[in-house]
Chemist: 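Input: one structure, supplied below.
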Amino acid sequence: MRTLLLRFAFVALPFAAVAAHPTPLRAQTPGPQAPPFPIEPIVPTRIESLLATPNVVLVADYYRVDMRFGPSMRIDALVVDAIEPRTRAKGLRVQVRDPEHRSRQEGTSFIDIEELTALSRGVAAMADLAARWTHDDRLATELTLTTAGGFRLAIRQSARIPRAFLSTGLLDPVVTSIEVAELPTLKQAFDQALEILNSK
């Protein structure tokens, strides 16, 4: 019996020593690891979803909308047709360039045709509200309107004269500004685009 206990102690001792002084694991070099689940790109509009469809022949027709905002903003009515299976989407492509950083690429937002009527009405409502603002040095007010595709219109009033800011792009948006008095022109551009799209 004593011999058996001695054998057990002799065998168990090395394991106890290993447990007391574990061998350090070799440092592993960090490498790229796959995410636990696939990350889907953000595709918030129907027209972007169709443009991003793989293995499908697409025909995209762009119709320039007449504007008077100069090179900092461009609006195109857009009709996209998939050849097979037959699918169609209509909307706008709005591009904004930052006039202070001309080397930066323009920001782009897409707007589905279903949003255009509400967008036109929203611009008119914002222009009407801004026209009724009274000057108050203690007050700062902001009106905003944002579409699903990241086009954003904001009007800010503080101690200065109110100004409208247009931005495009969901990630790292590009911003430019226009006079509040130009908002009716912007509404006309959206109405013109809607008229073009309804005729196609």
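Both backbone and side-chain heavy atoms feed into the values below; hydrogens, waters and symmetry mates do not.
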Chemist: How close do P44 and G149 get, heavy atom to heavy atom, and via which atoms?
Modeler: CG-CA, 3.9 Å

Chemist: Between Q188 and T185, do the side chains contain an N or O donor and an N or O acceptor separated by less than 3.5 Å?
Modeler: no

Chemist: Quick one: list whatever passes salt bridge (charged side-chain N to carboxylate O under 4.0 Å, His left out) with R86, sequence neighbours left out.
Modeler: none

Chemist: Do L92 and F151 come within less than 4.5 Å of each other through their side chains, counting heavy atoms only?
Modeler: no

Chemist: For I155 and T141, run side-chain contact (heavy atoms from CB on, under 4.5 Å): C-alpha distance rounded to whole Å, both residues' side-chain angles, the deciding distance at 0.1 Å, then the answer.
Modeler: CA-CA 8 Å; I155 306 174; T141 306; over 6 Å; no

Chemist: Test side-chain contact (heavy atoms from CB on, under 4.5 Å) on L145 and M126; report intermediate values, then the result.
Modeler: CA-CA 9 Å; L145 175 64; M126 292 173 75; 3.6 Å; yes

Chemist: With E106, which residues qualify under side chain to side chain contact (heavy atoms under 4.5 Å, CB included), at least two apart?
Modeler: Q95, R97, T108

Chemist: Looking at every non-hydrogen atom in both residues, tell me the closest pair between A130 and L143 and how far apart they are.
Modeler: N-CD1, 4.3 Å

Chemist: Among all residues two or more places apart in sequence or in another chain, which pass the side chain to side chain contact (heavy atoms under 4.5 Å, CB included) test with L194?
Modeler: I113, L116, T117, N198

Chemist: Can you name the salt bridge (charged side-chain N to carboxylate O under 4.0 Å, His left out) partners of E142, sequence neighbours left out?
Modeler: R156

Chemist: With sequence neighbours left out, what residues match E115 under salt bridge (charged side-chain N to carboxylate O under 4.0 Å, His left out)?
Modeler: none

Chemist: Identify every side-chain donor-acceptor pair in residues 54-62 under 3.5 Å, counting partners at least two apart or on other chains, and give the distances.
Modeler:
none

Chemist: Kindly give the heavy-atom pair with the smallest separation between P162 and V180, and that separation in Å.
Modeler: O-CG2, 3.5 Å

Chemist: Please list, chain by chain and in numerical order, all residues satisfying side chain to side chain donor-acceptor pair (under 3.5 Å) with K187, sequence neighbours excluded.
Modeler: S120, D191

Chemist: Using salt bridge (charged side-chain N to carboxylate O under 4.0 Å, His left out) as the criterion, list what pairs up with D81, not counting sequence neighbours.
Modeler: R88

Chemist: Return all side-chain donor-acceptor pairs below 3.5 angstrom for residues 164-177, not counting sequence neighbours, or 'none' if the list is empty.
Modeler:
| residue | atom | partner | partner atom | Å |
| --- | --- | --- | --- | --- |
| T168 | OG1 | G107 | O | 2.8 |
| D172 | OD1 | R104 | NH2 | 2.8 |
| D172 | OD2 | R104 | NH2 | 3.0 |
| S177 | OG | R163 | NE | 3.0 |
| S177 | OG | R163 | NH2 | 3.3 |

Chemist: Keeping to residues at least two apart or across chains, list the salt bridge (charged side-chain N to carboxylate O under 4.0 Å, His left out) pairs with something in residues 51-60.
Modeler: none

Chemist: Show your reasoning for whether salt bridge (charged side-chain N to carboxylate O under 4.0 Å, His left out) applies to D112 and R46.
Modeler: CA-CA 7 Å; D112 287 329; R46 289 177 56 248; 5.0 Å; no

Chemist: Checking Q192 now: which residues fulfil side chain to side chain donor-acceptor pair (under 3.5 Å) with it, not counting sequence neighbours?
Modeler: none

Chemist: For side-chain contact (heavy atoms from CB on, under 4.5 Å), just list the numbers for D76 and V65, CA-CA rounded to whole Å, side-chain angles, deciding distance to a tenth of an Å, and then say yes or no.
Modeler: CA-CA 5 Å; D76 294 292; V65 176; 5.9 Å; no

Chemist: Mind checking whether L78 and K90 have side chains closer than 4.5 Å, heavy atoms only?
Modeler: no

Chemist: One pair to check against side-chain contact (heavy atoms from CB on, under 4.5 Å): L153 and L183. What are the steps and the verdict?
Modeler: CA-CA 10 Å; L153 171 64; L183 288 176; 4.1 Å; yes

Chemist: A side-chain contact here means heavy atoms from C-beta on lying under 4.5 Å apart; do V80 and F110 qualify?
Modeler: no

